[in-house]
Amino acid sequence: MCEDDHGNGNGNGNGNGNGMGRRALFVTGAAAALTLGSVSFAEGPAAEAADNQETRTVRGTLPTGSPDFVYLPVDVPEGVREIRVAYTYDRPSVPAGTPGNALDIGIFDERGTELGGKGFRGWSGGARSEFFLRADDATPGYIPGRIRPGTWHIALGPYTVAPQGLTYEVTITLTHGAQSETPKPLYPPSRAKGRGRAWYRGDCHLHSWYSDGRRTPAEIAALARAAGLDFINSSDHNTHSSHAHWADQAGDDLLIMTGEEVTTRNGHVVALGTDPGTFIDWRYRARDNRWARFAQQIRRAGGLVVPAHPHATCVGCGWKFGFGEADAVEVWNGPYTPDDEVTLAEWDNTLVASVREGHGRWLPAMGNSDAHRDPDAVGSPQTVVLADDLTREAVQEGIRAGRSYIAESKNVSLAFTASGSRGEHAGIGERLPVDRDTPVTVRLEVRGAPRCTIRFVTDQGVLFTSDPLPVTGSGTAEWRTTPAYAAYVRAELRHEAAAGPVPGALAAFTNPIFLGGA
């Protein structure tokens, strides 16, 4: 059983942990969350003492096997203008291969901790050791707003716990006084100038200092423009707090969509292009059977559901929810590594299953940088989308339809088509409606990929490989087939075997063109 020590603090912030004894944890109604005993503060005249501040300190130890979330209730009285929280925890040495201690933190207001409820007021995971909230301001990752009286909850997330247990200390300081006005959020527009129907470049998985990134929105926007991007999507971990800080970075040349990286213990998903101000809860595992509810919430908020780095090796990163609710999948995440190669192979298997089962539904691929800080390169890789205009809806429709390819940088451009003997024509993400035995010509035009090899991949495997492109990086490859021989064709550009951490790492790849049928 987990236990906690509650310290009686005084007005100057020196909580000593010496007055309230130990209190058992209580189950909140879900096996994955437990609640500690409440922390109380003075009301009325006593609250005005000691420079209008009161502090309490809570100490305790969590054992291995602790629940995913431990809630610390804080009874907030009338007249509070600021809540400030700081925490520490021990990091003992552990044997090689054994997880050490990692403790995340966030907060819910008096509206409660109900899953998907309205009480969320911020999350910083393990990126910060302290935070504050006021009506007019808050630490990045947290939501400004009035401090209303009632029971608030500090959320502790023991991500991993060492065999010795996790000893923590949480210090809560309330400052009394009049509250300021909360500024009305200003969000980025849902359209940029655009070029009509055209190919637009984007990076939809980016982290700012509003979660565990180290870059400001201004720095990210500047890097996006330098990378040749036309659109980006904000995707900070488990918070929408950055949404109100992108408007002055958008422009005719850059569409900025808002979203979230929903970071569960069983995998991460990018909520791509949700309505500004949308919060998507993350406090569930695959076995809880709650994922479909939140995938539907993403779509109701105008977003796409995109599982991120499904085979990443970090703790909790592997995707366990299946792909039945996905609109696309992030096949390439950041610098190309072996887990991307595994994801690419798995994705290709889904294409094979789609044509075998004949239901016509298939899962488009995306590539994003997942950039957090230097030297992470924004726009490497990037998804290049054929969209009717540079608007949120048009870009999302292009992604959902699979009219896109993934390139390592703005230098790489592809034109990929399939044509029949009577002038039939199809592009990326489309179907060429010809008979099974009709001759089909597949053609790829490439720019910006020096010494790369072109491969055409089908449901039967790799059926064409070119010689390396010249050092100019430009070239064309043609291949003839029939729908009976290849139900789909997609193109890959591979570097020479010696380049990168993966032999023959990708420089670009396309979504498929399907051959045959109506």
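Only heavy atoms go into these numbers, but all of them, side chains included; no hydrogens, no water, no symmetry mates. For reference, positions follow the sequence shown, starting with 1. Being a predicted model, the structure only gives us computed values, none of them experimental.
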**Message:** Any side-chain to backbone donor/acceptor pair from Asp136 onto Ser180? Under 3.5 Å, distance only.
**Reply:** no

**Request:** Decide side-chain contact (heavy atoms from CB on, under 4.5 Å) for Ile280 and Gln297; before the verdict, give the C-alpha distance in whole Å, the side-chain angles of both, and the deciding distance to 0.1 Å.
**Result:** CA-CA 8 Å; Ile280 307 296; Gln297 183 189 352; 3.6 Å; yes

**Prompt:** Measuring from His205:NE2 to His309:NE2, what's the distance to the nearest 0.5 Å?
**Reply:** 5.0 Å

**Fill in**
Of His237, His243, His245, the one forming a ring-ring contact (aromatic ring centres under 6.0 Å, His included) with Tyr210 is His245

**Asked** Can Leu115 and Phe294 be said to form a side-chain contact (heavy atoms from CB on, under 4.5 Å), step by step?
**Response** CA-CA 10 Å; Leu115 191 67; Phe294 291 99; 3.7 Å; yes

**Message:** Regarding Thr337 and Asp340, do their side chains bring together a donor and an acceptor under 3.5 Å, going by distance alone?
**Reply:** yes

**Pair listing, salt bridge (charged side-chain N to carboxylate O under 4.0 Å, His left out) test, anchored in residues 297-314, at least two apart** = Arg299-Glu325, Arg299-Asp327

**Message:** We want to know whether Thr171 and Thr57 form a side-chain donor-acceptor pair, criterion being a heavy-atom distance below 3.5 angstrom.
**Reply:** yes

**Request:** For Asp212 and His372, test the side chains for any donor-to-acceptor distance below 3.5 angstrom and give the result as yes or no.
**Result:** yes

**Request:** Report, as yes or no, whether the 6.0 Å neighbourhood of atom CD on Glu114 holds more than 12 heavy atoms from other residues, nucleotides or ligands.
**Result:** no

**Request:** Can you sort out the partners of Asp288 under side chain to side chain donor-acceptor pair (under 3.5 Å), two or more places apart, ordered by chain and number?
**Result:** none

**Message:** Are more than 12 heavy atoms, taken from residues, nucleotides or ligands other than Trp209, located less than 6.0 Å from that residue's CH2 atom?
**Reply:** no

**Message:** Would the distance check show the side chain of Arg84 and the main-chain N or O of Phe132 forming a donor-acceptor pair, the cut-off being under 3.5 Å?
**Reply:** no

**Partner set under ring pair (Phe, Tyr, Trp, His ring centres under 6.0 Å) for His153, not counting sequence neighbours** = none

**Request:** Test side-chain contact (heavy atoms from CB on, under 4.5 Å) on Met257 and Leu272 and set out the steps.
**Result:** CA-CA 8 Å; Met257 298 183 286; Leu272 196 167; 3.7 Å; yes

**Ser380 and Glu408: side chain donor to acceptor below 3.5 Å** = no

**Asked** Where is the tightest heavy-atom contact between Gln164 and Pro92, given as atom of each residue plus distance?
**Response** NE2-CB, 3.6 Å

**Request:** Quick one: do Arg403 and Glu397 satisfy salt bridge (Lys or Arg N to Asp or Glu O under 4.0 Å)? Show the steps, please.
**Result:** CA-CA 9 Å; Arg403 296 195 305 265; Glu397 199 279 326; 2.6 Å; yes

**Least distance between heavy atoms, Ser404 atom then Thr383 atom** = CB-CG2, 3.9 Å

**Message:** Within the 4.5 Å heavy-atom criterion, are Cys317 and His268 side-chain neighbours or not?
**Reply:** yes

**Prompt:** Taking the six-membered ring of Phe69, is the NZ or CZ of Arg265 close enough (under 6.0 Å from the centre) and on axis enough (within 45°)?
**Reply:** yes

**Prompt:** So, the side chain of Thr151 versus the backbone of Val74: is there a donor-acceptor pair under 3.5 Å, distance only?
**Reply:** no

**Prompt:** Hey, are Thr258 and Ser234 close enough side-chain-wise for a donor-acceptor pair under 3.5 Å?
**Reply:** no

**Request:** For Asp230 and Arg195, run side-chain contact (heavy atoms from CB on, under 4.5 Å): C-alpha distance rounded to whole Å, both residues' side-chain angles, the deciding distance at 0.1 Å, then the answer.
**Result:** CA-CA 10 Å; Asp230 301 293; Arg195 305 181 298 277; 3.5 Å; yes

**Non-hydrogen atoms of Tyr336 and Leu506 that approach each other most closely** = CE1-CD1, 3.5 Å

**Request:** Return the minimal non-hydrogen interatomic distance between Val329 and Pro310, and the atom names on each side.
**Result:** CG2-CG, 3.8 Å

**Message:** Has Trp332 got a side-chain atom pairing as donor or acceptor with Gly334's backbone, closer than 3.5 angstrom?
**Reply:** yes

**Message:** How about CZ on Arg225, more than 12 heavy atoms from neighbouring residues, nucleotides or ligands closer than 6.0 Å, or not?
**Reply:** yes

**Message:** Between Asn368 and Cys204 (side chain of the first, backbone of the second, donor and acceptor by atom type, cut-off under 3.5 Å), is there such a pair?
**Reply:** yes

**Message:** Checking Arg201 against Ser409: is there a side-chain donor and acceptor pair closer than 3.5 Å?
**Reply:** no

**Asked** Any donor and acceptor pair, going by atom type alone, linking the side chain of Thr61 with main-chain N or O of Thr167 inside 3.5 Å?
**Response** no

**Request:** Before accepting this row, confirm whether a basic side-chain N of the pair Arg283/Asp68 lies closer than 4.0 Å to the acidic partner's carboxylate O.
**Result:** no

**Stepwise side-chain hydrogen bond (donor to acceptor under 3.5 Å, both in side chains) check, Tyr142 with Ser124** = CA-CA 8 Å; Tyr142 294 80; Ser124 50; 2.7 Å; yes

**Request:** Could you point out which residue of Asp370, Thr343, Asp339 forms a side-chain hydrogen bond (donor to acceptor under 3.5 Å, both in side chains) with Asn333?
**Result:** Asp370

**Fill in**
One should read off an interatomic distance between Ser369 OG and Glu330 CD, to the nearest 0.5 angstrom, of 8.5 Å

**Request:** Determine yes or no for a side-chain-to-main-chain donor-acceptor pair under 3.5 angstrom, with Tyr71 supplying the side chain and Phe108 the backbone.
**Result:** no

**Item:** Atom pair CD (Gln382) and CG (Leu229), whose distance is rounded to the nearest 0.5 Å
**Value:** 5.0 Å

**Separation of Leu304 CG from Arg400 CZ (nearest 0.5 Å)** = 5.0 Å

**Request:** Would you check if the side chain of Asp236 reaches a backbone N or O of Ser208 as a donor-acceptor pair within less than 3.5 Å?
**Result:** yes

**Request:** Inspect the contact between Arg215 and Asp374 and indicate whether a charged nitrogen and a carboxylate oxygen are less than 4.0 angstrom apart.
**Result:** yes

**Request:** Verify, without hydrogens or angle tests, whether Arg392 (side chain) and Gly273 (backbone) share a donor-acceptor contact under 3.5 angstrom.
**Result:** yes

**Prompt:** Are Trp319 and Trp347 near enough that their ring centres are under 6.0 Å apart?
**Reply:** no

**Item:** Side-chain donor or acceptor of Tyr159 paired with backbone N/O of Gly126 under 3.5 Å
**Value:** no

**Complete:** All heavy atoms of Pro163 vs all of Val94, minimum pair found to be CD-CG1, 3.9 Å

**Gap between atom CZ of Arg111 and atom CZ of Arg148 - 0.5 Å precision** = 4.5 Å

**Request:** Search all heavy atoms of Ile83 against all heavy atoms of Ile107 and return the closest pair with its distance.
**Result:** CG2-CD1, 4.4 Å

**Asked** Rounded to the nearest 0.5 Å, how far does CH2 of Trp282 lie from CD of Glu260?
**Response** 7.5 Å

